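All values reported here derive from a predicted model rather than from experimental measurement.
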Amino acid sequence: MVLDNLGSSLRGSLDTLSGKSRVGEDDIEEIVKEIQRSLLQADVDVSLVMELSDSIKTRALEEEPPGGTTARDHVLSIVYEELVSLVGESTEIPLENQTILLAGLQGSGKTTTSAKMAWWFSKKGLRPAVIQTDTFRPGAYDQAKEMCARAEVDFYGNPDNDDPVDIARKGLEETADADIHIVDTAGRHALEDDLIAEIEEIESAVDPDRSLLVLDAAIGQGAKDQAKQFDESIGINGVVITKLDGTAKGGGALTAVNETDSSIAFLGSGETVQDVERFEPNSFISRLLGMGDLGQLTERVQRAMEETQEEEEDWDPEDMLKGQFTLKDMRHQMNAMNKMGPLDQVMDMIPGMGGGIMDELPDDAMDVTKDRMRAFEVIMDSMTENELENPRSIGASQIRRISRGSGKDEERIRELLQQHKMMSQTLKQFQGMGQGGDMERMMKKMQGGGGGGGFGPFG
């Protein structure tokens, strides 16, 4: 996640305050230095870093903590509030008819972002259309068309037309029935004059309601000049930060937001159209500091369950809360979990599971979990219908047969059966919540230590 190193180092510094009723200047000085070091390493502009650290230091030394609040929690609250202020408010994106122009350099992720944003709007009940005007990059048309097909949204482009302005105009005409028009423009390897001239012509032709600058999270200090020139040319209303699933530092994007006096609109990670979310400053910083994001987690769970149910019409997730929990139900749930996005992101959203706990895990921990889930699916493919419906009936001879059929160790099969048993025990605690149940209430109960083996095949 963007600025993840900051979150890790901050959590370590704040832990040194545990047990203290008051903090001294030396304590705050150490934490402020850690903040400065982490932000500068993340390519945040120096002036922003100094402004933030000075504010945190002043408040931590001058403000009295509320009664009953520990020194650590008081400083954590100040750091949280100041970081929220630093990243700013989310770009206003009303759920109404509008045209959005995407700008950015080549490789920033504009084409992928256009499809992701279109998918996001479609999930909000609107009809979006993507208009591909990039005639410069080979493959741009095919990539955009394919991704829009995956997102199941309208698309317009013309690989035989080399006039991007004409494509933009005709695209608006051909997709007139759409509620949202997302115009993807060409990028270059650098801020060339012809790129700026072209995007200015497109901007004049489509008259967008808002223009968003798409930035690779790894851009670094180069974001400042890029943001400034695009802002002077077409006016930037918001920033989309992409490729947050890599080792990106992300500070350059925050610098760009400050340079354009705008805000962050969307965060993108991963290659699928579902790997996008609206930027919410409170949730973003909460996850950064290891405090979780229950609202975003709940939304992802609900969406994943709905999509899985649409694909597999004979399955109703509420049935798990009414009767017997079978291996078929477990497989459906695993499919739903795969739709929730990268597991490390999901873990960050669970209060108490992200942050410090994630810091202690090896780098490949989530890959191991994915491999484990895939192995479980292979094992279930080698089971009979009766075994899937009645896993408790599986004995030693059946385990040997399933092992031969799946190519997996007998121990891995016992692991699957044990995981199923633990999940079944957990689900029994939610019996009766299916009818008129509240997903967020369920998530909070699980967070509170519902027992059993957890609500998923994590182990």
Counting C-beta onward and ignoring hydrogens, is there a side-chain heavy-atom pair between [X] and [Y] closer than 4.5 Å?
X	Y	result
Met383	Leu327	yes
Phe266	Phe279	no
Ser262	Val239	yes
His181	Val206	no
Val276	Leu267	no
Lys243	Ser269	no

How long is the straight-line distance from [atom2] of [Y] back to [atom1] of [X], given to the nearest 0.5 Å?
X	Y	atom1	atom2	answer
Ile93	Ile180	CD1	CD1	9.0 Å
Thr185	Ile202	OG1	CD1	6.0 Å
Gln36	Leu52	CD	CG	9.0 Å
Asn97	Asp179	CG	CG	5.0 Å
Ile78	Arg59	CD1	CZ	5.0 Å
Asp163	Glu198	CG	CD	8.5 Å

Looking at every heavy atom in both [X] and [Y], which two are closest together, and how far apart are they?
X	Y	value
Gly171	Ile131	C-CD1, 3.5 Å
Leu102	Ile199	O-CD1, 4.4 Å
Arg278	Thr91	NH2-O, 2.7 Å
Arg210	Glu92	NE-O, 3.2 Å
Ile182	Ser114	CD1-O, 3.7 Å
Val130	Ala118	CG2-CB, 3.8 Å

### Task
Kindly determine whether Lys170 and Glu173 satisfy salt bridge (Lys or Arg N to Asp or Glu O under 4.0 Å), including the steps that lead there.
CA-CA 5 Å; Lys170 289 180 178 175; Glu173 295 171 2; over 6 Å; no

Is [X] atom [atom1] crowded by more than 12 heavy atoms from other residues, nucleotides or ligands, each under 6.0 Å away?
X	atom1	answer
Glu152	CD	no
Glu51	CD	no
Glu232	CD	yes

Using a 3.5 Å distance criterion without hydrogens, assess whether the side chain of [X] forms a donor-acceptor pair with backbone atoms of [Y].
X	Y	value
Thr113	Gly109	yes
Lys408	Val378	no
Ser122	Trp119	yes
Ser53	Val49	yes
Glu377	Met373	no
Asp209	Thr99	yes

### By ring-ring contact (aromatic ring centres under 6.0 Å, His included) - contacts of Phe121 (at least two apart)
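Not a single residue meets the ring-ring contact (aromatic ring centres under 6.0 Å, His included) criterion with Phe121.
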
### Query
Does Asp231 have any salt bridge (charged side-chain N to carboxylate O under 4.0 Å, His left out) partners at least two apart in sequence or in another chain, and if so, which?
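Per chain and number, Asp231 pairs via salt bridge (charged side-chain N to carboxylate O under 4.0 Å, His left out) with no residue.
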
### Query
Taking only residues two or more places apart in sequence, or in another chain, which ones meet Asp194 in a salt bridge (charged side-chain N to carboxylate O under 4.0 Å, His left out)?
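Here the qualifying residues are Arg188.
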
### Task
Take Thr135 and Asp162 through the side chain to side chain donor-acceptor pair (under 3.5 Å) test and state the conclusion after the steps.
CA-CA 6 Å; Thr135 61; Asp162 60 3; over 6 Å; no

### Query
Who pairs with Ser77 by side-chain contact (heavy atoms from CB on, under 4.5 Å), at least two apart in sequence or on another chain?
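Only Glu81 meet the side-chain contact (heavy atoms from CB on, under 4.5 Å) criterion with Ser77.
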
### Sequence-distant partners of Thr58, side-chain contact (heavy atoms from CB on, under 4.5 Å), two or more places apart
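Glu62.
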
### Basic-acidic side-chain contact under 4.0 Å: Lys116, Asp275
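Asp275 and Lys116: not salt-bridged.
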
### Query
Would you call Glu415 and Arg412 a salt bridge, taking side-chain N to carboxylate O under 4.0 Å as the test?
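Salt bridge flag = yes for Arg412 with Glu415.
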
### Query
With no hydrogens and no angle check, do the side chains of Glu280 and Ser90 hold a donor and an acceptor under 3.5 Å apart?
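There is no such pair between these side chains.
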
### Message
My understanding is that only one of Thr242, Ile241, Leu105 makes a side-chain contact (heavy atoms from CB on, under 4.5 Å) with Asp216; could you say which?
### Response
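It is Thr242; the other options fail the test.
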
### Message
If you apply the rule side chain to side chain contact (heavy atoms under 4.5 Å, CB included), what do you find for Ile100 with Val183, and how did you get there?
### Response
CA-CA 6 Å; Ile100 299 174; Val183 182; over 6 Å; no

### Message
Checking Gln419 against Arg372 for the side chain to side chain contact (heavy atoms under 4.5 Å, CB included) test, could you report, in this order, the C-alpha distance in whole Å, the side-chain angles of both residues, the deciding distance, and whether it holds?
### Response
CA-CA 11 Å; Gln419 184 66 48; Arg372 191 166 184 248; 3.7 Å; yes

#### Entry: Test log, rule side chain to side chain contact (heavy atoms under 4.5 Å, CB included), inputs Val75 and Ile31
CA-CA 9 Å; Val75 176; Ile31 291 173; 4.1 Å; yes

### Task
Test Arg37 against Glu34 for salt bridge (Lys or Arg N to Asp or Glu O under 4.0 Å), laying out the working first.
CA-CA 5 Å; Arg37 186 182 306 114; Glu34 193 61 54; 2.8 Å; yes

Result block: side-chain N/O donor-acceptor pairs under 3.5 angstrom for residues 139-147, not counting sequence neighbours:
residue: Gln143; atom: OE1; partner: Arg137; partner atom: NH1; Å: 3.1
residue: Gln143; atom: OE1; partner: Arg137; partner atom: NH2; Å: 2.8
residue: Gln143; atom: NE2; partner: Thr112; partner atom: OG1; Å: 3.4
residue: Glu146; atom: OE2; partner: Arg150; partner atom: NH2; Å: 2.7

### Task
Go through the steps to decide whether Leu215 and Val240 satisfy the test side chain to side chain contact (heavy atoms under 4.5 Å, CB included), and finish with yes or no.
CA-CA 6 Å; Leu215 290 175; Val240 180; over 6 Å; no

